[in-house]
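To start, the structure itself, in structure tokens.
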Amino acid sequence: MLFLVGALLVLGVVLGTVAHVPVPVSLVAGLAIALWLALFATRERFSGHRRAGYVDHDRGGLR
């Protein structure tokens, strides 16, 4: 519950900031965040790391 309150507080601060800056600044900031998230997702997708306890069926057990 406390996490939800904190998340809503942060959301309110961010939306309040966006409401007071010019539209082009908001668009550039949004584009930068979207690009960062896309790069992070791509890096995680192709990193090759596996979770602990991953069952490798080809080797017949845990890695």
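Under a 4.5 Å side-chain heavy-atom criterion applied to ILVMFWY residues, the cluster that includes V23 comprises L27 as well.
In terms of the side-chain contact (heavy atoms from CB on, under 4.5 Å) criterion, residue partners of P24 (sequence neighbours excluded) are, by chain and number, P22. Every residue two or more places apart in sequence or in another chain was checked for a side-chain contact (heavy atoms from CB on, under 4.5 Å) with F3, and none qualifies.
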Extract all donor-acceptor atom pairs below 3.5 Å that involve side chains of residues 28-37 and protein atoms in other chains or at least two apart in sequence.
none

